[in-house]
Amino acid sequence: MIRLGYACISMATKNNPNKKTTVGQLEKLDPAGRQKKLRKVMQSNFFNLMDLLKYNVENGIFLYRLPSEFVPFATHPIAADWDWEKEFKWDLDKAGEFIRANAIRMTSHPGHYSILNTNNPSVLESTIKDFDYHAKVFDLMGLDANSILVTHVGGVYQDKESSLQRFADHYATLPEHIKKRLVVENDDVSFTMIEVLHLCEKIGAPMVLDIHHHDCINNGEQIEEYLPRIIATWGDRTPKMHFSSPKSEKDFRAHADTIELNAFLRFLDKVSHHNVDIMLECKNKDEALLKLRSELRQAKVEVESPPLVLA
DNA sequence: TCGTGTCAAGATCTT
DNA sequence: AAGATCTTGACACGA
């Protein structure tokens with residue numbers, strides 16, 4: 001069975017769990033004022049998250065990416081003495097309860113400034129701190145290892161081989177609670193499906209296949225040839241893939257507003273006999289998901305539930 | 001209320 | 001060596 005999901009922002013719920021503030025704002029306040037401000041932002045993020053998850057469940061959407069901004073300045077020095085874990089323990093429990101009760105798969109995507117294969121020790125340190133934060137949120141919500149952190153390989157630094165090796169070396173040093181959630185995605189400019197697959201097989205981490213990125217860089221490889229191996233990297237977890245449509249011929253790498261039905265059908269043909277979660281990445285978010293769903297229904301393609309068996 | 005400059009973070013390309 | 005770009009929505013402030 002296939003499940004569809006979307007990233008971070010819902011167009012239907014006006015408020016989203018990605019409210020934030022700025023360093024400049026916090027600097028104007030005394031320590032107590034800072035904590036108050038951070039608390040206020042996080043409170044609205046919790047409120048908005050519960051609202052959004054309820055909407056998701058009502059609409060049969062069980063795959064969702066939590067915005068990295070969920071905890072404001074979670075790893076920034078300016079919020080170092082703010083103990084959000086303790087302060088929001090009750091809320092994290094409640095959210096986790098709802099997520100587990102409704103079998104929602106939460107995922108996350110640490111920002112593109114977090115780069116595990118960096119050769120700069122201070123960047124590595126802040127990257128691990130960022131991964132730790134993302135993992136901790138899922139840990140505190142009591143979510144299983146299907147709640148993953150998706151990252152890219154990182155920079156090339158003029159030497160792909162050693163850059164891949166450095167990813168593997170740094171991966172090996174990660175604490176268990178991060179390692180059990182970290183997965184690697186092929187990107188659209190540097191590391192191809194094949195390169196990431198080899199890396200994932202080597203280090204024993206799952207691979208997120210991004211179809212659009214593969215369309216951006218490849219050496220003519222067909223995804224169907226590699227799907228069994230990609231899916232095998234997930235072990236007993238549910239594989240996750242990313243799907244999006246190019247914005248235009250000229251601006252190919254950018255995401256379009258919606259998903260192009262025919263391209264999606266061609267992809268579906270290759271994966272529909274697997275159990276796969278598909279994250280749709282497009283500007284129109286949940287609206288695009290619901291649109292695709294209705295187009296699939298019109299095309300009489302049953303995707304998200306097992307085929308009906310008539311008695 | 002509306003328009004706009006600005007925003008934590010790195011890598012890479014351009015000047 | 002310093003600056004621009006990537007990508008990008010939303011905060012915060014001034015009009």
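Any value given below was found using the heavy atoms of this structure, including those in side chains, with hydrogens, waters and symmetry copies removed. Throughout, a chain's letter reflects where its sequence line sits, starting with A, and its residues are numbered from 1.
- Residue pairs that meet the ring pair (Phe, Tyr, Trp, His ring centres under 6.0 Å) test with at least one member in residues 6-39 of chain A, sequence neighbours left out, are A/Y6-A/Y64.
- Both the sub-6.0 Å distance and the 45° axial angle are satisfied by A/R166 relative to the ring of A/Y157.
- The local environment of NZ in A/K270 is crowded, with over 12 non-hydrogen atoms from other residues, nucleotides or ligands closer than 6.0 Å.
- Atom-to-atom, CZ of A/F73 to P of C/dC11 comes out at 12 Å; the value is rounded to the nearest Å.
- One P atom belongs to B/dA8, the other to C/dA2, and the distance between them is 22 Å to the nearest Å.
- Side-chain contact between A/R181 and A/F131 is absent, with no heavy atoms from C-beta onward closer than 4.5 Å.
- A straight line from CZ of A/F70 to C1' of B/dA8 spans 19 Å, rounded to a whole angstrom.
- One interatomic measurement links the two molecules: CE of A/M11 to P of C/dT8, which rounds to 14 Å at whole-angstrom precision.
- Here the separation of C/dG9 from B/dA11, taken at their C1' atoms, is 22 Å to the nearest Å.
- A/K37 has a side-chain polar atom (N or O) that falls below the 4.0 Å cut-off from OP1 or OP2 of C/dA12.
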Output one line per pair: protein atom, nucleotide atom from nucleotides 9-11 of chain B, and distance, for all N/O pairs under 3.5 Å.
unit_1 : atom_1 : unit_2 : atom_2 : d
B/dA11 : OP1    : A/T118 : OG1    : 2.9
B/dA11 : OP1    : A/Y157 : OH     : 2.7

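- For residues 169-196 of chain A, there are no ring pair (Phe, Tyr, Trp, His ring centres under 6.0 Å) pairs, not counting sequence neighbours.
- A salt bridge links A/D277 with A/R3: at least one charged nitrogen is closer than 4.0 Å to a carboxylate oxygen.
- A heavy-atom distance below 4.5 Å is found between the side chains of A/V189 and A/R253.
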Distances under 3.5 Å between protein N/O atoms and the N/O atoms of nucleotides 13-15 of chain C, please, pair by pair.
unit_1 : atom_1 : unit_2 : atom_2 : d
C/dC13 : OP1    : A/Q25  : OE1    : 2.7
C/dC13 : OP1    : A/Q25  : NE2    : 3.4
C/dC13 : OP1    : A/K28  : NZ     : 2.4

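- Across C/dT7 and B/dC13, the matching C1' atoms stand 16 Å from one another, rounded to whole Å.
- Using a 4.0 Å cut-off between charged side-chain N and carboxylate O, A/K291 and A/E287 make no salt bridge.
- If you take NE2 of A/H76 and C1' of B/dC7, they are 11 Å apart, rounded to a whole angstrom.
- Residues A/T22 and A/H255 both approach DNA chain C. Their nearest nucleotides, taken by heavy-atom distance, put A/H255 toward the 5′ side.
- Here A/H109 pairs with A/H152 under the ring pair (Phe, Tyr, Trp, His ring centres under 6.0 Å) rule; sequence neighbours left out.
- Taking the six-membered ring for Trp and thresholds of 30 and 60 degrees, A/F46 and A/F70 have ring planes more than 60 degrees apart, a perpendicular arrangement.
- For A/K19, counting side-chain heavy atoms from C-beta on, the closest listed nucleotide (C/dC11, B/dA8, C/dA10) is C/dC11.
- Residues A/R253 and A/T21 each lie close to DNA chain C; by heavy-atom proximity, the contact nearer the 5' end of the strand is made by A/R253.
- Taking atom CG of residue A/N18 and atom P of nucleotide B/dC7, one finds them 19 Å apart after rounding to whole Å.
- Contact annotation: A/K20 does not reach the phosphate of B/dA8 (side-chain N/O to OP1 or OP2, under 4.0 Å).
- The pair A/E281-A/R65 meets the salt-bridge criterion, with a side-chain N (NZ, NE, NH1 or NH2) lying under 4.0 Å from an Asp/Glu carboxylate O.
- Following rounding to the nearest Å, A/I9 (CD1) and C/dC11 (P) show an atom-to-atom distance of 10 Å.
- With a 4.5 Å cut-off on side-chain heavy atoms, A/I148 and A/R105 count as touching.
- Centroid-to-centroid, the aromatic rings of A/H255 and A/H212 come within less than 6.0 Å.
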Both distances under 3.5 Å, Watson-Crick or G-U wobble: on that basis, could you give the dot-bracket string for DNA chain B, with [ ] for crossing pairs and | for other-strand partners? |||||||..||||||
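- When heavy atoms are screened at a 4.0 angstrom cut-off, A/K283 is found touching the sugar-phosphate backbone but no base atom.
- Going from the P atom of B/dG3 to that of C/dT8 covers 23 Å, rounded to whole Å.
- Distance A/I78 CD1 to C/dC11 P: 18 Å, rounded to the nearest Å.
- Rounded to an integer number of Å, the gap from A/N284 CG to C/dT8 C1' is 15 Å.
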